[in-house]
Every structure is written in C-alpha cells, then in structure tokens.
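Here's the structure we're looking at; comments come further down.
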Amino acid sequence: MKIVCIGRNYAEHAKELNNPVPTEPLFFIKPDSAVLRNNDPFYLPDFSDDVHYEAEIYVRIHKKGKNIEEKFAPKYYTEIGIGVDITARDVQQRCKEKGLPWEKAKGFDGSAPLSGTLPLTDLPDIQDIHFELHINGQMVQRGWTGDMLFPVNRIIAEASKYFMLKIGDLIFTGTPAGVGRLNAGDRLESYIEGRKMLDFQIR
Ligand code: ZN
C-alpha cells in the first residue's frame with residue numbers, strides 16, 4: 001500500500017509556513033514502511049533536529065481505480081481515520097531550498113502513525129468533520145474538513161490521474177494550522193468528532 005498526501009490543503013496552514021495558497025494540488029507519497037499502527041511509539045530520527053506533527057484526516061481506498069471522475073470518487077472509499085504526517089521540517093526546508101523532492105523529510109520510517117478507521121455511515125458528510133490533535137493534554141490543532149482548499153473527491157480525481165489507487169491505499173487530506181515541534185516524552189492524542197482515535201508517545 002501507499003499513502004498519497006496533499007500538501008497545503010488548508011489556507012491557514014499554508015500561511016503559517018509562509019507558503020503560497022496553491023492553485024492545483026501538491027502531492028507526495030509515503031511508502032508502506034512509513035506506517036505505524038496500534039498506538040506504537042514514534043522514535044525521533046537522528047537526522048533531524050526539528051520534527052513536526054501534522055494531524056490529518058485520511059480516507060481508505062476500497063476499490064481500485066485510475067482517472068477517477070470527481071463525481072464517482074465517493075464510490076472509492078467507505079472509511080476514514082486520522083493520521084499524523086510526521087515531517088522533518090529542517091530536512092524539508094533544505095530540500096525546498098535546493099528544489100529537491102521531499103521524500104527524506106516526509107516518507108521516512110514511522111512517519112505515518114495511523115488510527116483505526118470509522119465507517120462513513122457514522123459520518124455521512126466527509127466535508128463536515130471536526131478533528132483535533134492534543135499534545136500532553138493541550139489541544140494544538142483543531143480542523144474542520146469543510147476548510148479544505150481541495151475537497152476529498154477532487155483530491156481523488158487529481159491524484160488518480162498520476163497514481164493508480166489500489167485497495168488499502170490511504171489519502172492524507174492535509175493539515176490545518178497549528179503544526180509544531182515534537183519532543184521526546186510527548187503524548188499525542190487525536191480525535192474525530194470527539195472520539196479518541198489515536199494515543200501514542202514520542203521517544
Ligand atoms: Zn501534511
């Protein structure tokens with residue numbers, strides 16, 4: 001499986017990193033070796049001094065597709081969850097300055113802690129979902145999927161022009177404002193509509 005991620009999908013987050021608000025989606029991919037499940041701890045990598053959290057709603061693809069039309073995209077997912085797009089911000093900054101790809105900063109081992117999923121039958125409108133990330137008991141990010149610049153069905157349509165989507169692939173849908181640094185000992189908890197989905201430690 002792979003994780004297709006969209007960058008800068010919430011205007012307030014693009015602004016906080018001094019990035020322009022995009023006019024077309026910016027994609028990158030995390031490989032399956034990035035996945036962390038079952039609330040396993042995340043180990044800070046030794047190649048970065050500035051590792052950031054980015055809480056993101058994801059959808060799980062349950063049907064294979066390519067060149068999916070936006071209006072048919074809802075047939076390709078039935079479950080959502082929340083993950084953290086862990087980012088080595090200093091490494092990413094160096095890549096950006098040199099015009100290099102971001103994989104070392106975004107796709108490294110363990111950089112995608114994932115919650116389990118909820119069926120969309122419980123949450124019928126994908127663009128009306130509230131989610132939160134708390135660190136050490138303090139809320140640091142609060143998002144509403146209605147604020148996405150590119151809604152989920154558009155992301156699927158655009159991404160599937162380039163990447164065939166397969167069963168089990170995940171789409172990370174971008175992070176709201178409030179990203180910041182992770183430190184050893186932090187406890188991260190994330191919520192979808194008040195339901196605790198993820199609870200893990202940074203080591
Ligand atoms: Zn992200």
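When a ligand or atom number is given, it counts from 1 through the structure's own listing order. Just so it is clear, the structure is predicted and the values come from calculations on it, not from any experiment.
Looking at Glu56, its N, O or S atom nearest to the Zn ion (ligand 1) turns out to be OE2. Note on Glu54: its N/O/S atom closest to the Zn ion (ligand 1) is OE1. The N, O or S atom of Asp85 lying closest to the Zn ion (ligand 1) is OD2.
Two rings, from His134 and Tyr191, have their centers less than 6.0 Å apart.
The number of heavy-atom neighbours closer than 6.0 Å to NZ of Lys96, taken from other residues, nucleotides and ligands shown, is above 12.
Using a distance-only test at 3.5 Å, with no hydrogens or angles considered, no donor-acceptor pair links the side chain of Ser190 to the main chain of Leu133.
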(request) Show the numbers, then the answer: is there a side-chain contact (heavy atoms from CB on, under 4.5 Å) between Arg181 and Ile135? (result) CA-CA 10 Å; Arg181 186 188 171 104; Ile135 299 187; over 6 Å; no

